[in-house]
Amino acid sequence: TLVRLILEQGAYPDTYQPLIPASTANYHAGYHTVMTVFTWLSGLELPRAMLIFCQVLNAMCVIMVYLFTLSLTGNRKAALFSALICGVFTPMPAYLTSWGRYTHLTGMLILPAAYTLFFQRLPAHENSPAAAGEPPKRFERIRWLLLTALATAGLFLTHYQVSAFLAGLLIAQVGVTVLRSMWQKSGKRLVSSEIGWVVAAGIFAFIISLPWWPDTLSTLFVPRASNSPSIAAFS
């Protein structure tokens with residue numbers, strides 16, 4: 001229904017009315033927008049386009065699990081084994097990854113890319129290219145910063161919960177860096193560099209997604225934070 005609405009209007013709608021009685025349109029825009037673009041470019045009927053496109057998303061789980069494991073461990077054998085578990089050894093890898101929801105699945109496919117872009121420039125990570133090579137030039141740093149912010153903003157527009165997964169992962173990694181620097185007494189430069197990169201990318205991601213925040217705050221976060229009796233916790 002949402003994809004059809006975007007196709008009919010030729011742009012992302014301000015509201016889902018009259019098809020859905022909602023005052024705003026802030027539900028998982030990333031998946032529905034990409035799905036719309038594929039349907040438009042392919043010229044297929046919407047039901048068939050959705051079946052084909054979503055099977056492609058299922059298959060991409062294998063690639064992104066490989067990327068995510070490689071970024072975390074730096075071990076290609078471990079990454080390959082993880083990809084095999086996802087794509088071969090389990091009968092329903094996409095369901096296990098996304099709870100069977102394509103919106104959530106799309107976010108889970110973006111998360112490894114966003115984390116890897118963060119990881120590429122985090123010098124404290126022992127597997128990071130920045131930890132072993134020469135310091136990147138200013139233009140390269142800006143390019144990586146914009147790419148990281150773009151991926152992070154795209155993840156936020158695709159699924160809020162998976163964005164929280166990425167935030168938790170980065171907070172844990174920075175925390176480990178802080179503890180390691182305290183244990184090794186290696187000074188504050190490494191910690192400040194890592195925190196500065198995460199904060200800078202987060203600010204740029206916020207700016208990119210800024211038009212989305214007012215409705216998201218007023219219709220999603222504020223009602224849940226107010227603990228309204230009409231909204232069950234974690235519903």
Side-chain angles (χ1 to χ4, degrees), residues 2-3 6 12 25-41 49-73 79 82-83 85-87 92-122 125 127-129 143-174 197-213 215-216 220-221:
L2 300 185
V3 172
I6 301 173
Y12 200 86
N26 61 353
Y27 180 77
H28 304 326
Y31 164 76
H32 295 100
T33 302
V34 177
M35 180 70 248
T36 303
V37 172
F38 174 76
T39 305
W40 172 59
L41 291 176
M50 183 170 289
L51 285 173
I52 294 174
F53 183 76
C54 293
Q55 289 307 312
V56 173
L57 294 182
N58 285 339
M60 286 181 65
C61 284
V62 177
I63 301 173
M64 303 314 288
V65 165
Y66 177 91
L67 175 65
F68 190 56
T69 307
L70 182 63
S71 296
L72 283 173
T73 67
S82 298
I85 291 176
C86 176
M92 297 177 64
Y95 182 81
L96 294 174
T97 305
S98 70
W99 307 341
R101 299 183 301 181
Y102 291 127
T103 51
H104 195 275
L105 170 61
T106 306
M108 293 296 288
L109 294 176
I110 299 174
L111 186 148
Y115 173 73
T116 300
L117 288 167
F118 273 106
F119 147 85
Q120 288 284 340
R121 296 272 71 86
L122 293 179
H125 196 301
N127 298 320
S128 169
R143 181 168 64 93
W144 278 102
L145 181 64
L146 292 177
L147 284 173
T148 306
L150 189 63
T152 305
L155 179 59
F156 171 77
L157 293 177
T158 301
H159 207 285
Y160 306 127
Q161 187 182 66
V162 183
S163 301
F165 292 168
L166 176 63
L169 181 62
L170 293 174
I171 291 171
Q173 183 162 313
V174 171
W197 174 260
V198 173
V199 171
I203 291 175
F204 273 99
F206 175 77
I207 293 174
I208 293 173
S209 59
L210 188 59
W212 205 256
W213 278 95
D215 285 342
T216 302
L220 181 68
F221 294 143

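Atoms considered below: every heavy atom in the structure, side chains included; atoms not considered: hydrogens, waters and symmetry mates. All residue numbers in this chain count up from 1 along the given sequence. Note that this is a predicted model, so its numbers are computed, not measured.
The shortest distance between side-chain heavy atoms of Pro112 and Val65 does not fall below 4.5 Å. Two residues are said to be in side-chain contact when any heavy atoms from C-beta on lie closer than 4.5 Å; Thr158 and Thr103 fail this criterion. Within the 4.5 Å cutoff, the side chain of Tyr115 has no heavy atoms near those of the Ile110 side chain. Annotation: side chain of Leu146 is not in contact with side chain of Leu150 (no heavy-atom distance under 4.5 Å). Considering only heavy atoms from C-beta on, Ile208 stays 4.5 Å or farther from Phe156 through its side chain. When side chains are defined from C-beta on, Phe38 counts as touching Ile52, because their heavy atoms get closer than 4.5 Å. Taking the side chain as every heavy atom from C-beta outward, Phe206 and Thr152 never approach each other to under 4.5 Å. At least one side-chain heavy atom of His159 sits less than 4.5 Å from a side-chain heavy atom of Arg101.
In this structure, Trp212 has its ring center under 6.0 Å from that of Tyr12. In this structure, Phe119 has its ring center at least 6.0 angstrom away from the ring center of Trp197.
For the atom pair CE (Met35) and CD1 (Ile6), the distance works out to 10.5 Å, reported to the nearest 0.5 Å. To the nearest 0.5 Å, atom CE of residue Met64 and atom CE of residue Met108 are 10.5 Å apart. To the nearest 0.5 Å, atoms OG1 (Thr216) and CG (Leu157) are separated by 8.0 Å. The distance from atom SG of Cys61 to atom CG of Leu105, rounded to the nearest 0.5 Å, is 4.5 Å. One distance of note links OG of Ser209 with CG of Leu155; it measures 10.5 Å at 0.5 Å rounding. To the nearest 0.5 Å, atom CG of residue Leu111 and atom CG of residue Leu169 are 7.0 Å apart.
A pairwise comparison of heavy atoms in Leu70 and Ala79 identifies N-CB, 3.8 Å as the closest pair. Counting all heavy atoms, side chain and backbone alike, Phe118 lies closest to Val198 at CE2-CA, 3.9 Å.
Heavy-atom neighbours of Phe204 CZ from other residues, nucleotides or ligands within 6.0 Å: at or below the threshold of 12.
Using a 30° and 60° split on the angle between ring planes, Tyr160 and His28 fall in the tilted class, from 30° to 60°. Ring orientation note: the planes of Phe53 and Tyr31 are tilted relative to one another, at an angle of 30° to 60°.
Between the side chains of Thr148 and Trp144, no donor N or O sits under 3.5 Å from an acceptor N or O. Using modelled atom types, one finds a donor on one side chain and an acceptor on the other under 3.5 Å when comparing Ser71 with Thr116.
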Check your understanding: What's the verdict on side-chain contact (heavy atoms from CB on, under 4.5 Å) for Val62 and Tyr66, showing C-alpha distance, side-chain angles and the deciding distance?
Key -> CA-CA 6 Å; Val62 177; Tyr66 177 91; 5.9 Å; no
